[in-house]
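Inspection log for the structure reproduced underneath, given as structure tokens.
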There are 2 protein chains.
Amino acid sequence: MSDILIRSATVLTMEGYDNIINDGEIAIAGDRIISVGARGSAPEYFKDKRIIDGSGMVAMPGFINCHTHAAMTLMRGYADDMPLMKWLNEKIWPLEAKLQPEDFYWGTMLCTLEMIKSGTTTFADMYFEMGQVARAVEKSGMRACLSRGMIGVAPNAQEAIDESIRFVEEWHGGANGRIKTMFGPHAPYTCPPEYLQKVAGLAEKYCVGIHIHVAETLDEAENIKAAYGTTPVRHLEALGILDLPVLAAHCVHLDQGDMEILAAKKVSIAHCPESNMKMAAGISPVPSLIRNGVLVALGTDGAASNNNLDMMEEMRTATLLHKVATGDPMALPAFETLKMATRSGALALGLEDTGLIKKGMKADLILVDFHHPHLYPRHDLLAHLAYAAHSADVDTVIINGEVVMAARAVLTMDEEEVMERAQECAVRLVGRK
Amino acid sequence: MSDILIRSATVLTMEGYDNIINDGEIAIAGDRIISVGARGSAPEYFKDKRIIDGSGMVAMPGFINCHTHAAMTLMRGYADDMPLMKWLNEKIWPLEAKLQPEDFYWGTMLCTLEMIKSGTTTFADMYFEMGQVARAVEKSGMRACLSRGMIGVAPNAQEAIDESIRFVEEWHGGANGRIKTMFGPHAPYTCPPEYLQKVAGLAEKYCVGIHIHVAETLDEAENIKAAYGTTPVRHLEALGILDLPVLAAHCVHLDQGDMEILAAKKVSIAHCPESNMKMAAGISPVPSLIRNGVLVALGTDGAASNNNLDMMEEMRTATLLHKVATGDPMALPAFETLKMATRSGALALGLEDTGLIKKGMKADLILVDFHHPHLYPRHDLLAHLAYAAHSADVDTVIINGEVVMAARAVLTMDEEEVMERAQECAVRLVGRK
């Protein structure tokens with residue numbers, strides 16, 4: 001970790017509308033941003049530090065992917081164009097049963113490699129063998145909120161709790177503070193009430209949040225209705241779960257009362273439009289959620305149902321989807337969409353000192369190279385980022401003050417090795433080339 | 001134009017399901033593919049020809065973008081997040097009124113540069129100053145179906161017809177056969193019946209097709225209903241327009257009868273999901289159209305309402321959109337989506353000898369580099385192309401037997417000059433930096 005001065009960049013601070021500094025500079029000392037401003041604004045002694053030339057680039061906060069199952073990247077393209085239950089029963093679950101510890105490591109490595117190359121600096125994960133996942137995160141240089149997925153109706157329900165506790169004890173604050181842990185009860189329909197309450201008690205004891213799937217499908221909403229006579233959100237509220245810091249993935253099937261509860265309880269939503277579209281789960285009422293005061297962040301979900309981990313694509317899909325779904329071309333305008341992918345993600349994960357380019361914030365930021373045909377002419381920076389840019393335009397990624405990608409080369413891992421080892425794991429799992 | 005042998009590529013011929021040749025080779029003589037098969041299948045004498053190493057790459061037909069307004073690329077990001085009529089009245093039309101001939105040239109050059117870099121080999125355009133557009137197409141090396149847009153209610157309605165005739169006479173079969181022309185009456189609501197019939201008569205006389213916007217918005221459907229008591233499709237049918245080869249862009253607001261007419265009259269649809277979503281126009285019933293036997297191709301529309309010209313992105317958006325819109329995760333599976341972007345586009349434009357990698361076809365094809373983290377592991381080539389790939393993965397583009405891009409460098413134009421000149425035009429038009 002060395003001091004860095006980024007010069008000559010157009011800086012999109014994400015602090016508010018039109019907060020763009022042309023020919024700006026950003027000084028980074030250790031893991032923090034210590035100054036942001038126009039050319040010449042950095043402390044004098046930074047002239048002798050490591051200089052990154054940001055000419056032709058836009059500096060902005062790195063993307064925060066609020067819902068993934070990283071190691072499932074090994075299943076990218078393994079099962080597509082199938083109904084959900086057939087997909088799970090015949091393809092995903094049987095393959096998951098075969099996963100070895102090294103698969104979790106290399107699957108997560110592949111995931112972090114792809115995420116870094118597409119400008120993501122932080123992700124929230126829920127899966128198994130989280131020690132392997134954490135080791136991959138540590139190696140990758142990324143920031144992450146990790147939770148061991150727990151299925152309360154599964155035979156290993158108690159084991160999952162025990163593993164979660166050990167994981168929280170071992171890894172919370174790990175990797176130089178880049179890893180934060182959460183408890184990950186899978187969903188209201190896979191975790192009985194007493195199980196959810198037990199987990200909530202542990203989360204409270206360990207002062208960590210809860211990452212859970214909520215109201216993803218109509219089936220789930222109907223099951224909860226049949227079992228408890230209410231909606232998934234009200235069910236969780238009644239159990240006291242929403243009194244904790246909760247990151248609720250999906251939230252597709254909601255009514256007005258649910259939205260008011262989510263706002264009142266300050267639940268954060270990880271909206272996953274591409275996964276919801278691909279699995280035909282439905283369309284989350286995101287503009288209504290935002291109008292109701294709910295914090296909505298963005299996630300890709302796992303690569304088995306997306307099929308990539310590209311937050312720029314996810315942003316564009318989100319804004320286009322909600323415009324057509326509401327019939328309002330002004331729904332989710334460019335800045336709101338960018339905020340969902342950056343600052344709102346930071347707040348959703350309780351990482352208040354990320355998601356902005358601002359003095360005192362963690363130095364988690366990216367440089368996007370605007371010298372590409374699809375980013376000309378230069379009418380509107382925000383529109384270009386929300387509607388025209390590609391993840392391959394990301395040139396440089398800095399996380400926690402470390403340069404983890406420069407000129408599109410990832411510096412924290414051997415890219416070739418990661419692709420090769422992930423491929424080997426996949427071949428072994430499916431038993432063919 | 002020289003003979004070319006592509007070796008060691010995985011060849012996706014698009015001829016039918018699972019028509020994938022591993023370690024395949026493709027021989028190109030002049031502007032045609034003369035053999036496709038396994039390693040060693042090309043004629044012996046090709047060993048001494050120009051060899052392109054396709055290791056790690058997928059060779060597939062180039063994308064065919066069936067609806068654009070190329071020069072509008074100058075307006076990318078100029079006006080976003082606005083209602084349609086405000087967008088047109090306050091931003092787009094006033095700017096269009098200021099366009100100079102050179103703007104059409106450089107706007108189209110920027111468009112073709114972006115299209116080549118994202119793997120598009122052919123596009124269908126409707127705009128103005130088509131001589132400038134054609135010169136840009138000629139220079140770029142692309143294949144195109146060009147039409148002068150004609151607004152029958154405008155003061156220059158007759159002039160537009162005269163220009164269209166001159167354009168067809170001058171450019172049909174131009175640029176070494178790469179340019180085909182069509183007549184471009186803008187839409188049923190902007191062209192009175194007698195004007196449409198006059199244009200249809202000319203199209204018949206010149207043996208060219210018609211490119212027209214149809215049923216894009218609910219407003220249009222309501223206007224046509226009020227004026228003629230019927231739907232846009234039935235209105236065009238009654239006027240005899242659909243007896244010609246018609247490329248109908250959008251087709252969002254249709255009923256079952258409309259779909260049956262479109263099928264019976266063999267009208268080709270240019271589906272533009274991202275533009276329809278961004279402008280909140282609605283969702284075209286694409287799976288129903290296909291079930292009804294209608295040929296559905298894919299287009300990006302202009303960059304002012306997309307905001308890029310990326311057919312890989314458009315494919316993914318199309319398949320995700322129709323899965324969620326129909327509630328069916330099997331809607332528009334990967335192969336169908338790829339077909340929409342390739343072979344169906346070729347047929348929609350009457351370019352029967354493009355859109356497949358097959359002996360006798362025009363050599364319009366691309367090599368997609370699969371050695372990227374987001375394309376590992378290699379479970380399913382089709383799923384990777386439809387759901388995970390990025391346009392920046394396109395490495396090589398061959399059009400009409402010419403290599404127009406190699407290792408992502410476009411060979412037919414000076415990329416720097418194009419970006420710079422397009423930027424200059426834009427700055428002059430909007431009167432600011």
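Excluded from the calculations below are hydrogen atoms, water molecules and symmetry mates; all remaining heavy atoms, backbone and side chain alike, are included. Lettering follows sequence order; numbering is per chain, from 1.
- Scanning residues 102-112 of chain B against chain A with a 4.5 Å heavy-atom cutoff picks out B:Leu110, ordered by number.
- Panel note: side chain A:Asn308, backbone B:Ala388; a donor-acceptor pair is recorded below 3.5 Å.
- Side chains of B:Ile283 and A:Val324 form a contact here, defined as non-hydrogen atoms less than 4.5 Å apart.
- Shown here for B:His379 and A:Leu74, the closest heavy-atom pair between the two residues is NE2-O, 2.7 Å.
- Heavy-atom distances place the backbone of A:Asp328, and not its side chain, under 4.5 Å from chain B.
- Among B:Gly327, B:Pro329, B:Ala392, the residue with the largest count of heavy-atom pairs under 4.5 Å with chain A is B:Pro329.
- In this structure the side chain of B:His384 never reaches within 4.5 angstrom of the side chain of A:Asn307, judged on heavy atoms.
- Distance CG/B:Leu321 to CG/A:Leu321: 7.5 Å, rounded to 0.5 Å.
- For the pair B:Met330/A:Pro83, a side-chain contact is recorded, criterion being any heavy-atom separation below 4.5 Å from C-beta on.
- Side-chain contact between A:Lys323 and B:Asp81 is present, with at least one heavy-atom pair separated by less than 4.5 Å.
- Contact annotation for A:Asn276: only backbone heavy atoms (N, CA, C, O) come within less than 4.5 Å of a heavy atom of chain B.
- B:His371 places no side-chain N or O within donor-acceptor distance of the main-chain N or O of A:Glu416, the cut-off being under 3.5 Å.
- At a 4.5 Å heavy-atom cutoff, B:Leu381 makes no contact with chain A through either its backbone or its side chain.
- Residue with the most contacts toward chain B among A:Leu84, A:Thr317, A:Asp310: A:Asp310 (heavy-atom pairs, distance under 4.5 Å).
- Neither the backbone nor the side chain of B:Thr326 comes within contact range of chain A, judged by heavy atoms closer than 4.5 Å.
- For A:Ser118, no part sits under 4.5 Å from any heavy atom of chain B, backbone or side chain.
- Your options are A:Pro377, A:Ala383, A:Ala303, and the one with the most heavy-atom pairs under 4.5 Å with chain B is A:Pro377.
- If you measure heavy-atom distances from B:Met75 to chain A, the contacts under 4.5 Å come from the backbone alone.
- Side-chain contact check for B:Leu309 versus A:His374: every heavy-atom pair is 4.5 Å or farther apart.
- Of the residues considered (A:Glu274, A:Glu415, A:His322, A:Arg316), A:Arg316 shows the highest number of contacts with chain B, using heavy-atom pairs under 4.5 Å.
- When the candidates A:Lys278, A:Glu114, A:Met279 are compared by the number of heavy-atom contacts under 4.5 Å with chain B, A:Lys278 comes out ahead.
- By the 4.5 Å heavy-atom criterion applied to side chains, A:His372 and B:Lys117 are not counted as neighbours.
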Check your understanding: Checking side chain to side chain contact (heavy atoms under 4.5 Å, CB included) for the pair B:Asn306/A:Tyr387: CA distance, chi angles, key distance, verdict?
Key -> CA-CA 7 Å; B:Asn306 185 304; A:Tyr387 301 118; over 6 Å; no
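- The choice from B:Asp80, B:Val418, B:Leu218 that makes the most heavy-atom pairs within less than 4.5 Å of chain A is B:Asp80.
- Tested against B:Tyr376, the residues A:Arg421, A:Arg76, A:Met419 include a single side chain to side chain contact (heavy atoms under 4.5 Å, CB included) partner, A:Met419.
- Note on B:Pro373, B:Pro273, B:Ala334, B:Ala386: by heavy-atom pairs under 4.5 Å with chain A, the leading option is B:Pro373.
- Interface summary for chain B: among A:Glu313, A:Met82, A:Glu424, the most heavy-atom pairs under 4.5 angstrom belong to A:Glu313.
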